[in-house]
Trainee: 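This is the structure I want to talk about, given as structure tokens.
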Amino acid sequence: MPDLSSLQRSTRRLDGLVAVVTGAAFGPKAALGAVFAAALSAEGASVVVADIVDAEPVAEALREKGGRAVAVTVDVTEEAAVEAMAATAETAFGRLDILVNNAVVGSNIPPVPLAELDVAAWDQVMAVGLRGSFLCAKAAAPRMARNGWGKIVNIGSTTMQEGLPNRLHYVSMKGGVLALTRALARELGPQGIRVNTLATGLIANPAAGAAFTAKPELITKIRAARAIPEDVTPDDLGGPLVFLCSHESDAITGQFIVADKGAHFT
Ligand SMILES: NC(=O)c1ccc[n+]([C@@H]2O[C@H](COP(=O)([O-])OP(=O)(O)OC[C@H]3O[C@@H](n4cnc5c(N)ncnc54)[C@H](O)[C@@H]3O)[C@@H](O)[C@H]2O)c1
């Protein structure tokens, strides 16, 4: 008779764990980071809500629902600021177990052909998405290693699978994020740290307004191409994120996990 006791779930899957989510203010487009912070908080994690703009309204909303959360203003491209962000997890909550690298610029910019893509735009997208993910992992990993366990989830994009044209900087940055995920998974695995990419496609967030509704014919086409022909909303990503941050996914590392209602198969 197998021992089934390990299958009995505690009421909340992240009780006692501490998470940092970057780009977690109410963002200009999908506000995925705020949804990620809320999903982790609802499962019991204490959350450092980090962003380059004021993230206090998100932290306050989590506390009002009974969660434990602090806001940190950080530019993820600045090493000293990122180190201070990671230290805040320990001073506020005593440890750091989970890092969600979500901060980005470039997910909501208009298409730019190669000839018009300037170096400053390329560098900014790379700095926030790729250097920022590297710096956050660098600050978080030793703190996770002290506990012999940790989860890093890098937020990816299916534009990287498609090779979406006219967004070379964004698509290339997301390719780098996947490579970073795989190399970190091998490097940090011996310390018990799991590293995965959670990717999706165009997120429907009517609350964010014009960016999503500007091209209804494009939205209809994208919806129809999905195995489940529906929009993907920010809330659709909360469950997969919690899974990748919990012990339930401890056998999964170095992977590209797509939650896009079947537009892309990996
Ligand atoms: N929105 C989509 O359709 C979509 C699709 C696939 C993947 N994604 C990915 O999901 C994640 C979130 O996307 P989103 O659409 O919610 O983005 P968003 O633009 O709405 O939010 C990004 C957040 O990052 C913050 N940020 C920007 N620069 C920063 C810096 N230097 N330091 C700290 N924070 C900084 C912004 O202030 C903002 O709150 C990104 O990684 C994005 O690539 C989004």
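Ligands are counted one by one from 1 in listed order, and the atoms in each one are counted from 1 as well.
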Trainee: May I ask you to check whether S133 and N154 show a side-chain donor-acceptor distance below 3.5 Å?
Mentor: no
Trainee: Flag D75 as yes when one of its N or O atoms lies below 3.5 Å from any N or O atom of ligand 1, and as no otherwise.
Mentor: yes
Trainee: Compute the shortest N/O to N/O distance between S157 and ligand 1 and return yes if it is under 3.5 Å, no if not.
Mentor: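 By distance alone, the answer is no.
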Trainee: Measure the shortest side-chain to side-chain distance between I203 and L237 over non-hydrogen atoms and say whether it is less than 4.5 angstrom.
Mentor: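 They are in contact (side-chain heavy atoms under 4.5 Å apart), so the answer is yes.
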Trainee: Any atoms of ligand 1 less than 4.0 Å from a non-hydrogen atom of T200? List them with their elements.
Mentor: 5 (C), 6 (C), 7 (C)
Trainee: Test side chain to side chain contact (heavy atoms under 4.5 Å, CB included) on L184 and F134; report intermediate values, then the result.
Mentor: CA-CA 9 Å; L184 279 177; F134 147 63; over 6 Å; no
Trainee: Just which atoms of ligand 1 are under 4.0 Å from any heavy atom in G201?
Mentor: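 The atoms of ligand 1 under 4.0 Å from a heavy atom of G201 are 3 (O), 4 (C), 5 (C), 6 (C).
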Trainee: Any atoms of ligand 1 less than 4.0 Å from a non-hydrogen atom of V128? List them with their elements.
Mentor: 28 (N), 29 (C), 31 (N)
Trainee: For the residue pair T233 and D235, confirm or rule out a side-chain donor-acceptor distance under 3.5 Å.
Mentor: no
Trainee: Against ligand 1, does G106 come closer than 4.0 Å with any heavy atom?
Mentor: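 Judged by the 4.0 Å heavy-atom criterion, G106 does not count as contacting ligand 1.
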Trainee: Answer yes or no: is there a side-chain heavy-atom contact under 4.5 Å between F36 and V47?
Mentor: no
Trainee: In a check of side chain to side chain donor-acceptor pair (under 3.5 Å) between T181 and each of N101, N196, T197, which one passes?
Mentor: T197
Trainee: Short list, please: which atoms of ligand 1 are under 4.0 Å from a heavy atom of I155?
Mentor: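 Contacts of ligand 1 toward I155, numbered from 1: 9 (C), 10 (O), 11 (C), 41 (O).
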Trainee: Quick check: do V21 and V49 have side-chain heavy atoms less than 4.5 Å from each other?
Mentor: no
Trainee: Using a 4.0 Å cutoff against the non-hydrogen atoms of N102, which atoms of ligand 1 qualify?
Mentor: 10 (O), 11 (C), 12 (C), 40 (C), 41 (O)
Trainee: Between H169 and Q124, is there a side-chain donor-acceptor contact under 3.5 Å, judged purely by atom types and distance?
Mentor: no
Trainee: For V74, take its heavy atoms, then give the atoms of ligand 1 lying under 4.0 Å from any of them.
Mentor: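 The list of qualifying atoms is 32 (N), 33 (C).
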Trainee: Strictly under 4.0 Å, does any heavy atom of K174 approach an atom of ligand 1?
Mentor: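 Distance cut 4.0 Å: K174 passes for ligand 1.
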Trainee: Out of S107, G156, A50, whose heavy atom is nearest to atom 7 (C) of ligand 1?
Mentor: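 It is G156 whose heavy atom sits nearest to atom 7 (C) of ligand 1.
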Trainee: Can you find an N/O atom of V76 closer than 3.5 Å to an N/O atom of ligand 1?
Mentor: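 Yes: some nitrogen or oxygen of V76 is under 3.5 Å from one in ligand 1.
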Trainee: Side chain to side chain contact (heavy atoms under 4.5 Å, CB included), that's the test. Do N102 and V153 meet it? Break it down for me.
Mentor: CA-CA 8 Å; N102 170 79; V153 180; over 6 Å; no
Trainee: Between A127 and ligand 1, which residue portion shows a heavy-atom distance shorter than 4.0 Å: side chain, backbone, both, or neither?
Mentor: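 Neither; nothing of A127 gets under 4.0 Å from ligand 1.
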Trainee: Under 4.0 Å between a Lys/Arg side-chain N and an Asp/Glu carboxylate O for E56 and R63?
Mentor: yes
Trainee: Any non-hydrogen atom of Y170 lying under 4.0 Å from ligand 1?
Mentor: yes
Trainee: Enumerate the atoms of ligand 1 whose separation from the nearest heavy atom of V105 is less than 4.0 angstrom.
Mentor: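 Those of ligand 1 that fall under 4.0 Å from V105 are 27 (C), 28 (N).
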Trainee: Less than 4.0 Å is my threshold; does some heavy atom of L202 fall inside it relative to ligand 1?
Mentor: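 Contact check L202 vs ligand 1: positive.
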